[in-house]
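Inspection log for the structure reproduced underneath, given as structure tokens.
Note that these values count all heavy atoms, side chains included, but never hydrogens, waters or copies made by symmetry. Residue numbers begin at 1 in each chain, while the letters A, B, ... track the order of the sequences. Given the structure is predicted, the values throughout are model-derived calculations rather than measurements.
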Amino acid sequence: MIALVDCNNFYVSCERVFAPRLEGLPVGVLSNNDGCVVARSRELKALGVAMGAPRHLLPPAIRRQAVLLSSNYALYGDMSRRVNAILAEFSPDVEVYSIDESFLSFAGFDASTLEVRGQRLRETVGRDTGLPVCVGLAPTRVLAKVANRAAKTIAAYEGVCRLGADDPATRALLQRLPVGALWGVARRTAERLALMGIETAWQLREADPKLIRRTFSVVLERIVWELRGHAAIVLEDMSEPRQRIMVSRSFGRLTGERHELEAAVRQHAARAAEKLRRQRYLARAVMVMVRTNRFLAGEAQHNNNVVVPLARPSDDSRTLLAAARQALGALFREGYRYQKCGVMLLDLVDARHHQLTLYDARQSESAKGRSQRLMAAVDKLNREMGRDTVRFGLPRHHNAWALRCERRSPRYTTRWDELMTVRTG
DNA sequence: TCTGGGGTCCTAGGACCC
DNA sequence: TCTGGGGTCCTAGGACCC
């Protein structure tokens, strides 16, 4: 048996823990640059605000009523860690799937106790973190997702729903569930399924797996098996190292200035390098991408990326920044107003298992040692003294790429200075 | 004025090899 | 006139997730 534990309206719930006045109000949390609504309270959903809706396109009446907050990822990340620490007390096997969702294995537990365990888990998380969660119990991940959705939307379940593969309740739920609402089935696939007459989750479950595989892919075939109660989806351990590392941001305002793009690329490359060293990997290539704003009709568009391979795998910020700078040099064109840029580290290898080439073997030990000590010192300072204590290149004020986040709440759980602001301010 | 960011997996098709 | 066939590796692009 698998349990899917999912926090309700996670970002909004985190904000409410520290600002109880938000209870009962239509609350939304915005993406970077305060661009889109990425989390909605029940009340905001009831007003008809869609997931991902651009803030500036919301009807004025809704913008007046709603409380729209900038995102505060330091806070959400910390709350997420607290929830997972509690989940670990309920199962030896917790797969953290995303910032607000985890799968727990309940294999080997007495089946008759599962719902009670689920309720106890909910109560414990609620008491210790203030966050509301729902629990879906089922033999497979796809069905656990369906169960979790039922736990959230059907009051009679009281936040915990258990579905057997062949229960009449399961059948009834699947018959009412549009196929596009299933985990792993999105618009494109749902449209193609509809052409075959498959519109509900139940119809997909009853479809011929071989036909589904031939027509679509092995991915959708697995979903058919999962709906029937045969586990077919194995999640890779989410704590495994990433295979690529990406840092990108939209600018606070459009810019055609080369030096502004260079500054942003430098910043993103440095951040990506930190992530790379944290997972103890080396990159063999650096990609930089630039974008203009595709929503501006009549504006000249330029979207492109350039990959610069490295002579040797590296995690040295100076090397990665130089490659990123070179890539931007090949990309940048005068006369465009750019909206976004990003840096991606590709072709990652484990630093500990990396095969030494002849060149590496000859490279003096002291040079490598110096690089490692320097990067370790930079990371330590930034970790302990705060981000950007040490940085590469000079910061500029009023830069185009500074994020707008005018409505961010204090980082209550990770910043003493902001906590004090709350008390005195 | 203002439209997110960071990932994964799978498949098709080309290059290349014997 | 007739111009193999099968395997592997790599990459780009599509689709999906939260």
Go through the steps to decide whether A:Glu384 and A:Lys380 satisfy the test salt bridge (charged side-chain N to carboxylate O under 4.0 Å, His left out), and finish with yes or no. CA-CA 6 Å; A:Glu384 293 175 0; A:Lys380 185 167 194 283; 3.4 Å; yes
Begin from the C-alpha positions of A:Ser71 and A:Val38 and carry the test side chain to side chain contact (heavy atoms under 4.5 Å, CB included) through to its verdict. CA-CA 9 Å; A:Ser71 44; A:Val38 293; 5.5 Å; no
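Dashed line: the shortest gap from a side-chain N or O of A:Ser250 to OP1 or OP2 of B:dG5 is under 4.0 Å. Taking only side-chain nitrogens and oxygens, A:Gln339 comes nearer than 4.0 Å to OP1 or OP2 of B:dT3. Here A:Lys340 reaches the OP1 or OP2 of B:dG5: one of its side-chain N or O atoms lies under 4.0 Å away. When the side-chain nitrogen and oxygen atoms of A:Lys145 are compared with OP1 and OP2 of C:dC18, one or more of them lie within a distance under 4.0 Å.
A:Phe18 and A:Tyr412 have parallel rings, their planes meeting at less than 30° on a 0 to 90° scale where 60° marks the start of perpendicular.
Comparing B:dG4, B:dG7, B:dT3 by their closest approach to the side chain of A:Tyr73 singles out B:dG4. Across B:dG4, B:dC2, B:dT3, the shortest atom-to-atom separation from the side chain of A:Val38 is found for B:dG4. Distance from the side chain of A:His56 is smallest for B:dT3 among the nucleotides B:dT3, C:dC17, B:dG5.
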Classify every nucleotide of nucleotides 8-15 of chain C by which part a protein heavy atom approaches to under 4.0 Å, writing B for the base, S for the sugar-phosphate alone and - for neither, in 5'-to-3' order. -------S
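Across all strands, A:Arg63 comes closer than 4.0 Å to no nucleic acid atom at all (heavy-atom distances). Nucleic acid contact for A:Leu30: none, since no nucleic acid atom lies under 4.0 Å from a heavy atom of the residue. Backbone-only contact: A:Leu182 has heavy atoms under 4.0 Å from sugar-phosphate atoms and none from a base.
For the pair A:Glu95/A:Glu101, no side-chain contact is recorded, criterion being any heavy-atom separation below 4.5 Å from C-beta on.
If you look at A:Phe106 and A:Phe90, their ring centroids are not closer than 6.0 Å.
For the P atoms, the distance from B:dT3 to C:dC18 is 25 Å, rounded to whole Å.
With sequence neighbours excluded, the residues satisfying side-chain contact (heavy atoms from CB on, under 4.5 Å) with A:Val349 are A:Leu282, A:Arg284, A:Pro313, A:His354.
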